[in-house]
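Inspection log for the structure reproduced underneath, given as structure tokens.
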2 protein chains.
Amino acid sequence: MTMDRRVRRTRQAVQRALVDLTLEKGYEAVTVTDLINRADVGRSTFYAHFTDKQDVLLSNIAEIDFLHRPPSTSGELFAFSLPMLEHAAEQQRLVKALLGRRGGGVLVARGEQMLATMIRDELTTRGAPASPSLDLVVICVAGAFMALLRQWVDGDFTATPTDLDTAFRTAVIPGVAALLGGQ
Amino acid sequence: MTMDRRVRRTRQAVQRALVDLTLEKGYEAVTVTDLINRADVGRSTFYAHFTDKQDVLLSNIAEIDFLHRPPSTSGELFAFSLPMLEHAAEQQRLVKALLGRRGGGVLVARGEQMLATMIRDELTTRGAPASPSLDLVVICVAGAFMALLRQWVDGDFTATPTDLDTAFRTAVIPGVAALLGGQ
DNA sequence: TTCGTTATTGAACAGCATGTTCAAGAAGGA
DNA sequence: TCCTTCTTGAACATGCTGTTCAATAACGAA
């Protein structure tokens, strides 16, 4: 499981280089050559570890660990929201580089999918019957949350996690609650 | 105002080439050389009209005209929804190429901004006091709608416009209504 | 410390995309 | 018709990609 120390050093250096360079130039503008230079790693070494620029991006997913939180099924609806936002606030650099406007769109898409799955599970657990139309509502909720997150990140984290959480709940909880109550 | 016929022909050929190629390979994978070949246009001609691949993309915005609908301020809340979706359903090819997963993310971002502005105006017109927290709710609503649209497009337009409209309203109208009613 | 294994290096390479230039020719429209 | 404007194709410098290879360096287990 624990890799060779050299491997660890190399991979980390490249991953950090991607974050740094993305913050500086935006993900699109970052080239493999940039990564190599910034990470101070041989070109052949890079391709021994990653296939792509995007491969480096995806390898960073594990580090955005607030996307993997266990869905706290008990308690209030969408309890994931506030803790997730608070966690994001603590990882501003990383989150901004990877999820921001200047970041690679891939992670946003993945995040939205993971969120949607999480939300769908929560709703069916609470008694909503699985159906195509439920899925559509789930997309709305996930889209709302991710849009909020993106906006926050691109606006350099003005507003507090609580502000965002409140807005999110204001917008979607009444609708979802009506859906659940009506069963 | 009306351009030289040659100019019209050239620009159209390139724009169409972008749509076609995006549907085939995805926007990212399309190169300027591809556009030139498909449009059957000289390289120097291309650069006489566009600066970029992205420039071609943006020049297509005007064609997605349902993003410019006048906000029908009267009648029900978010009346733009169903007509917009119906219009999108009629322009599947174009919409899928430009707004889909394989399309350039730029237009999605623009669409979300325009939507947010439209929604904000509608809410303030109806008496919601302008404030930062209102803006956050607006982001949620716009994000929900765009997420729905993206999902629809990438799923090849299964579901009807009415289905989507219903889901959208189910998810966000109760929350927004509470916000308006509470004033 | 030793020693076999594994990772890194740097340079070189072919391939391809970009964006610019220019003189010659074709098409437009008044 | 005739002047203007657009298009053409080719050539070019530049920069990025992804691969290869033999030499060297670092690792970690015994």
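A quick note: this is a predicted structure, and the numbers were derived from the prediction, not measured. The analysis underlying the following values was restricted to heavy atoms, covering all of them including side chains, and did not include hydrogens, waters or symmetry mates. Letters go in sequence order (proteins before strands), and every chain restarts at 1.
Between the CG atom of A:Asp4 and the P atom of C:dT8 there is a distance of 7 Å, given to the nearest Å. One interatomic measurement links the two molecules: CZ of A:Arg5 to C1' of D:dA26, which rounds to 9 Å at whole-angstrom precision. Rounded to an integer number of Å, the gap from A:Arg6 CZ to D:dT24 P is 17 Å. Atom NZ in B:Lys53 sits about 10 Å away from atom P in C:dG19, given to the nearest Å. Going from atom CG of A:Leu21 over to atom C1' of D:dC16 covers 15 Å, rounded to whole Å. We find that CG of B:Leu35 is positioned 14 Å from C1' of C:dG19, with the value rounded to whole Å. One atom, CD of B:Glu28, and another, P of D:dT17, lie 14 Å apart when rounded to the nearest Å. To the nearest angstrom, C1' of D:dT7 lies 16 Å from CE of B:Met3.
If you check residues 39-52 of chain B against DNA chain C, the residues with a heavy atom closer than 4.0 Å are B:Arg43, B:Ser44, B:Tyr47, B:Asp52, listed by number. Residues of residues 7-15 of chain A that place a heavy atom closer than 4.0 Å to DNA chain D do not occur.
Not a single donor-acceptor pair under 3.5 Å links the side chain of B:Thr45 to the backbone N or O of B:Val41. Checking side-chain atoms of A:Thr124 against main-chain N and O of A:Asp121 turns up a donor-acceptor pair under 3.5 Å. When atom types are taken as modelled, the side chain of B:Thr117 and the backbone of B:Gln113 share a donor-acceptor pair closer than 3.5 angstrom.
Relative to the ring axis of B:Tyr27, B:Lys53 places its NZ or CZ within 45° and under 6.0 Å from the centre.
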Go through A:Asp154 and A:Arg102 one step at a time and tell me if the salt bridge (Lys or Arg N to Asp or Glu O under 4.0 Å) criterion holds. CA-CA 8 Å; A:Asp154 286 328; A:Arg102 298 171 62 81; over 6 Å; no
Go through B:Asp165 and B:Thr162 one step at a time and tell me if the side chain to side chain donor-acceptor pair (under 3.5 Å) criterion holds. CA-CA 5 Å; B:Asp165 182 60; B:Thr162 305; over 6 Å; no
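Residues A:His87 and A:Gln91 form a side-chain contact, since some pair of their non-hydrogen atoms from C-beta on lies under 4.5 Å apart. Under the 4.5 Å side-chain criterion, counting only non-hydrogen atoms from C-beta, B:Trp152 is in contact with B:Leu85.
In summary, B:Asp156 and B:Lys96 engage in a salt bridge, as defined by a charged side-chain N under 4.0 Å from a carboxylate O.
Ring geometry, B:Phe145 versus B:Phe80: the interplanar angle exceeds 60°, so the pair is classed perpendicular (tilted spans 30 to 60°).
Here B:Thr31 does not reach the OP1 or OP2 of C:dC16: none of its side-chain N or O atoms lies under 4.0 Å away.
An end-to-end axis angle of 40° holds for the helix from C:dT1-D:dA30 to C:dA30-D:dT1, taken from five base pairs per end and rounded to 10°.
B:Met84 and B:Leu82 are not part of a single hydrophobic cluster, where members link through side-chain heavy atoms under 4.5 Å apart.
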